[in-house]
Amino acid sequence: MTRRLSTARTAPRPGAAAAPASPWWRDAVVYQVYLRSFADGNGDGIGDLAGLRARLPYLAWLGVDAVWVNPHYPSGGADGGYDVVDHRAVDPDYGDVADVEALVEDARALGLRVLLDVVPNHSSDQHPWFRRALADPTSPEAGRYHFAPPSEAPPNNWRSLFGGPAWSRTPDGRWYLHLFSPEQPDLNWRDPAVAADFEDSLRFWLDRGVSGFRVDVAYGLFKDAALRDNPGSYSPTLFGHGPEQAMTWDQPEVHDVWRRWRAVCDEYPGTMLVGEVCLADLDRVARYSRPDELHQSLAFRLLKSSWDAAAFAEATTGALDAFGRVGAPVSWVLGNHDKDRMVSRFGGGAVGTARARAAALLLLALPGSAYVYAGDELGLPQAHVPEAARQDPIFHRSGGARAGRDGCRVPLPWNTAPGLGFSPAGAADPWLPVPAGWERHAVSRQAGEGGSTLTLYRRALALRKAHPALGSGAAEVSVEDGLLTVRCTGAGGAVRCVVNMGRSTRLVAGPGRVLLASTSRVRSSGSSLALPPDSAVWVTEG
Ligand code: NOJ
Ligand code: CA
């Protein structure tokens, strides 16, 4: 299979004289910070804004363009901050609004941008609106959620993505809708007060200098107006929703919200919106990034792909095609706070690590923007979190049947001192236990080590910045018997990213220069390169 695909032009490289101006986000590398687990500034065992601020030089050194910070708002604590109590404030665990301002300022001085997370599909059950709605069914606030009168059965057959029915009862017997946990009641976007309040929140943070937002559940917000049953029984997971949930997600009305939000961002030049759109159909995902809607929607197909060349080729060509049709760059994702770490998904141990390193070269070669989840640059595997310490509602609501997401959310190892540098010396235990032996992944260990995963990411990011064919321009994807090749072309020539996903060493014919390899075991073989299984290489054309 060989497909020729191109994406629209992306940002000019610094110093690239006559290149047309193009927005920064089209080919940005965005580093996702799970705030609670990144760095603890005040020693309470919880990552915070002061900790992140102190580590910004690391991110500048690494070479990313922007930081997306997972929710920092006051929260009921039921879903890692995605149950927001006040969208225009900061949870005291993380700091205060002045800390966000200082973060933005420090980031700017280092050439980094800050994106926040906005959570419009639902609020916390502790949100003042929901509390009022519970207290008084006739209040205006009650109209901002989905309530149904007391009855024996719930109003429809919808299921929560975290397990169980999507309806729970209020103390007075009414039903209310929550597509996630019961502590996250869904907002009713047919009530204009909801839309107005979120626009105020966007402006509140944009006025403080942030460069935009990652939009949680951007494919949600509106539900079927009559709340009709979904077509059959189903057990949803977090990603890849299709027609089985046709009444719950992806309603046409939601696109008008993104048009209005786009107009708000247009008042703040250089800002952007990137949506979480977990739909199976990539054309439907891409529709959220039409020119007057969100700037980007995250493409999760690679995140869901197993280590298989055909699956990877299908995921990449599918996204390039679909996003190309609407003129948007693809926003590639291989890891995030909702999915097992890449190293473990791809087999764990040395094999999983080798594959994750190879996958990183693919991620950073493809045209478009790339989202790197904090810790992936250290090659962290999924951590084992003892059941007693697990926090994720998915684990608890599924009665333990689903492991949950805690294992990709443990605090980062910064150095080899006791506590691994996550907190200042003498601090409280970290909020999630860090596995024994984790110091082998520490930043301080990897930073000066030529063969480390951190060094690989840093080199890849520097090359991506320097070479116009990497991360922008056009891509042509081909796959042959386990060998995946992405030929990237830009103003400065062509670079091939070749990934050997097969079982035996393969020859890469006619390379020019090897720019970067994910393993030191690549060998010359006549005029070819011998590429071992589970590795990748960037080569210029001969
Ligand atoms: C998607 C977020 O990434 C996830 O962590 C969260 O649980 C759900 N949305 C609900 O907000
Ligand atoms: Ca702290």
Side-chain angles (χ1 to χ4, degrees), residues 32-55 68-73 75-84 87 90-96 99 116-125 127 160-163 166 178-187 213-221 236-241 248-249 274-279 297-298 300 303 333 335-340 371 373 391-398 402 404-409 411-412 419 421-424 426-432:
Q32 180 194 348
V33 165
Y34 197 73
L35 195 51
R36 223 175 167 70
S37 301
F38 191 68
D40 169 22
N42 67 352
D44 63 359
I46 297 172
D48 49 40
L49 291 163
L52 168 55
R53 244 182 105 191
R55 296 291 184 186
W68 147 35
V69 186
N70 280 110
H72 64 289
Y73 312 101
S75 155
D79 181 24
Y82 284 96
D83 47 327
V84 176
H87 287 91
V90 174
D91 194 299
D93 276 352
Y94 302 136
D96 57 24
D99 287 317
L116 299 178
D117 211 312
V118 59
V119 190
N121 179 70
H122 43 264
S123 77
S124 164
D125 63 348
H127 192 289
S160 154
L161 297 196
F162 290 169
H178 55 85
L179 289 165
F180 295 90
S181 75
E183 295 85 1
Q184 293 165 297
D186 277 60
L187 289 161
F213 303 90
R214 176 266 193 188
V215 184
D216 190 56
V217 196
Y219 60 111
L221 281 63
T237 52
L238 285 181
F239 298 100
H241 310 315
T248 314
W249 309 113
V274 51
E276 183 206 30
V277 184
C278 300
L279 301 168
S297 29
L298 296 166
F300 290 119
L303 182 79
V333 187
N336 70 13
H337 63 296
D338 290 328
K339 195 79 186 161
D340 283 9
Y371 284 73
Y373 180 44
Q391 314 264 339
D392 188 357
I394 290 185
F395 173 71
H396 295 288
R397 276 184 68 77
S398 68
R402 287 161 73 188
R405 301 162 290 179
D406 298 301
C408 64
R409 297 176 176 181
L412 290 200
F422 172 66
S423 298
D429 286 343
W431 74 282
L432 272 182

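Whatever order the structure lists them in is the order used to number ligands and atoms, beginning at 1. Computation of the quantities below employed the complete heavy-atom set of this structure, encompassing side-chain atoms and omitting hydrogens, waters and symmetry-equivalent molecules.
Looking from atom 8 (C) of ligand 1 to the surrounding protein, the closest heavy atom is F180 CE2, 3.7 Å. What sits closest to atom 3 (O) of ligand 1 on the protein, heavy atoms only, is D338 OD2, 2.5 Å. The single protein non-hydrogen atom nearest to atom 9 (N) of ligand 1 is D216 OD1, 2.8 Å, given as residue, atom name and distance. Looking at atom 6 (C) of ligand 1, its nearest protein heavy atom turns out to be D79 OD2, 3.4 Å.
Here is the list of ligand 1 atoms found below 4.0 Å of a heavy atom in H122: 10 (C), 11 (O). Those atoms of ligand 1 that come under 4.0 Å of a heavy atom in E276, given as number and element, are 1 (C), 2 (C), 3 (O), 9 (N). Close approach to R405 involves these atoms of ligand 1, each under 4.0 Å from a residue heavy atom: 4 (C), 5 (O), 6 (C), 7 (O). Of all the atoms in ligand 1, the ones that sit under 4.0 Å from a non-hydrogen atom of R409 are 5 (O).
Of the heavy atoms in F162, only side-chain atoms (C-beta onward) come closer than 4.0 Å to ligand 1. Residue V217 touches ligand 1 through its side chain alone, judged by heavy-atom distances below 4.0 Å. Contacts with ligand 1 closer than 4.0 Å are made by no heavy atom of Q32, backbone or side chain.
Here D340 pairs with Q382 under the side chain to side chain donor-acceptor pair (under 3.5 Å) rule; sequence neighbours left out. Residues passing the salt bridge (Lys or Arg N to Asp or Glu O under 4.0 Å) test with R214 are D117, D216, E276, sequence neighbours excluded. Applying the salt bridge (Lys or Arg N to Asp or Glu O under 4.0 Å) test to D79 and every residue at least two apart in sequence or in another chain returns R405.
D406 places a side-chain N or O within 3.5 Å of a backbone atom of D392 that can act as its donor or acceptor partner. At distances below 3.5 Å, at least one donor-acceptor pair connects side-chain atoms of W431 with backbone N or O atoms of R36. The backbone N or O of V84 lies less than 3.5 Å from no partner atom in the side chain of S75, so there is not a single donor-acceptor pair. With hydrogens and angles ignored, the 3.5 Å screen pairs a side-chain donor or acceptor of N121 with a backbone N or O of L221. For the pair D40 (side chain) and F422 (backbone), a donor-acceptor distance under 3.5 Å is absent.
At a 4.0 Å cut-off, not a single heavy atom of K339 sits close enough to ligand 1 to count as contact.
For the Ca ion (ligand 2), the tally of protein N/O/S atoms lying closer than 3.0 Å stands at 5.
Here the rule is side-chain contact (heavy atoms from CB on, under 4.5 Å) with D83, and of Q184, H127, H122 only Q184 fits it.
Shortest non-hydrogen contact noted between C278 and F239 is SG-CD2, 3.7 Å.
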| message | The test is salt bridge (Lys or Arg N to Asp or Glu O under 4.0 Å); show your working for R53 and D48 and say whether it passes. | response | CA-CA 9 Å; R53 244 182 105 191; D48 49 40; over 6 Å; no
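Taken from NE2 in H337 to CZ in R409, the straight-line distance is 5.5 Å, to the nearest 0.5 Å.
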